[in-house]
Amino acid sequence: MNINRKVQTLDEFTIQQMRDFPAATGQLASLFRDMGLAAKRVNVEVNKAGLVDILGDAGSVNVQGEDVKKLDVYANNQFIGVLRHGISCAGVGSEENDDIVVFDDEISNKSKYVLLMDPLDGSGNIDVNVSIGTIFSIYKRVSELGKPCTIDDFLQPGNKQVAAGYIIYGSSTMLVYATSRGVNGFTLDQAIGEYTLSHPDIRCPDSGKIYSVNHGNFFRYMEGVRKYINICQQKQKSEGGPYTQRYIGSMVADVHRNLIKGGIFMYPGTIDKPKGKLRLLYECNPLAFIVEVAGGKATNGQQRILDVKPTELHQRSPLFIGSSSMMKELETYI
Ligand code: AHM
């Protein structure tokens, strides 16, 4: 039997990374494995969503006042269940839960990390077979080890993230994660049930031709944002244009594409909703961390996303994120 030595699994990769840190306890690597495991289960359900009765609303409304889809509930339960039984996570903050979930048991209380997540982002796309994703963010606890974690562990600014990642359930399923050392992407090989390193050391191109924004809100955006969108539409070849508008409505997929190809994603505030739609802790911070490690930039229009000190778990934030030189141009308008 031929063994392809070029294939490296997620576990092999994280173990190899750990070798550079003799003091590492393996807790972070085990968190990635837990997230990958739960995502495999979610992936199975996503793939058969059209076949079984898990489409449509679960009949309840989440803490943001939005309809909760059945797959959201399933994904939330899977991730929390796997993390609760793992050895590295003291508690979880989830877009789907009002409050933090504290795993108050002996092993969890000794765990170094807490995790924040949007278990199923882009849920409006579930029913129509469009890519959706999971986004997560990992922090070292600031509360005392050996005791249950507290809300302070979760309300840390994004610049304190130890790692962040996402899983895309798309034409293939991918897990991408970043630590301060780099961003790496793993594609799920369904035949062997393993994530294999397919996108090593992802770098966000300095510039690109894609801009992603919900044009339907155009007249509710602030003047500076409208001006920048007009600039995107008018780009000449000599200025790196013409630009292309791409907007899936699943942020993970939109940001992933722009990360690989170069581009800018915007979810600005509007006149009626100045803070926009996206959640700082579950969506903006993890993606800002990943894109910055890859060489890009992310702001809320006024300051670097990662420097915002959160005041509440479910707070929203405008988001502008992407290739560094496109972001610099945007900043001259906003
Ligand atoms: P969700 O948490 O209900 O899935 O909403 C988040 C999603 C993002 O993935 C996406 O960028 C955005 O909502 C799209 O919103 P809109 O339809 O307003 O453009």
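Note that ligands are numbered from 1 as they come in the structure, with each ligand's atoms numbered from 1 the same way. Since we're looking at a predicted model, the values are computed, not measured.
Between Phe265 and ligand 1, a contact under 3.5 Å exists for no N or O pair. Close N/O approach between Asn217 and ligand 1 is not found [any backbone or side-chain N/O within under 3.5 Å]. At least one N or O atom of Gly122 sits closer than 3.5 Å to an N or O atom of ligand 1. For Lys277, a nitrogen or oxygen atom sits less than 3.5 Å from a nitrogen or oxygen atom of ligand 1, counting backbone and side chain alike.
Between Lys147 and Glu144 a salt bridge is recorded (basic side-chain N to carboxylate O distance below 4.0 Å). Ion pairing between a basic and an acidic side chain is recognised when a charged N comes within 4.0 Å of a carboxylate O; Arg181 and Asp20 show such pairing.
Using a 4.5 Å heavy-atom threshold, the side chains of Val130 and Ile248 count as touching.
The distance from ligand 1 to the heavy atoms of Glu283 drops below 4.0 Å at these ligand atoms: 2 (O), 6 (C). Ligand 1 places these atoms under 4.0 Å from at least one heavy atom of Ser250: 9 (O).
Under the 3.5 Å distance criterion, with hydrogens and angles disregarded, a donor-acceptor pair is assigned to the side chains of Asn258 and Ser212.
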Enumerate, atom names and distances included, each donor-acceptor pair closer than 3.5 Å involving a side-chain atom of residues 239-246, sequence neighbours excluded.
from: Glu239; atom 1: OE1; to: Gln236; atom 2: N; distance (Å): 2.7
from: Gln245; atom 1: NE2; to: Val213; atom 2: O; distance (Å): 3.0

Contacts under 3.5 angstrom, residues 327-334 side chains, donor-acceptor by atom type, not counting sequence neighbours:
from: Glu329; atom 1: OE1; to: Lys235; atom 2: NZ; distance (Å): 2.9
from: Glu329; atom 1: OE2; to: Lys235; atom 2: NZ; distance (Å): 3.0
from: Thr332; atom 1: OG1; to: Glu329; atom 2: O; distance (Å): 2.6

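Looking at Asp121 against ligand 1, both its backbone and its side chain come within 4.0 Å, counting heavy atoms. Only side-chain heavy atoms of Arg279 come within less than 4.0 Å of ligand 1; its backbone N, CA, C and O stay farther off.
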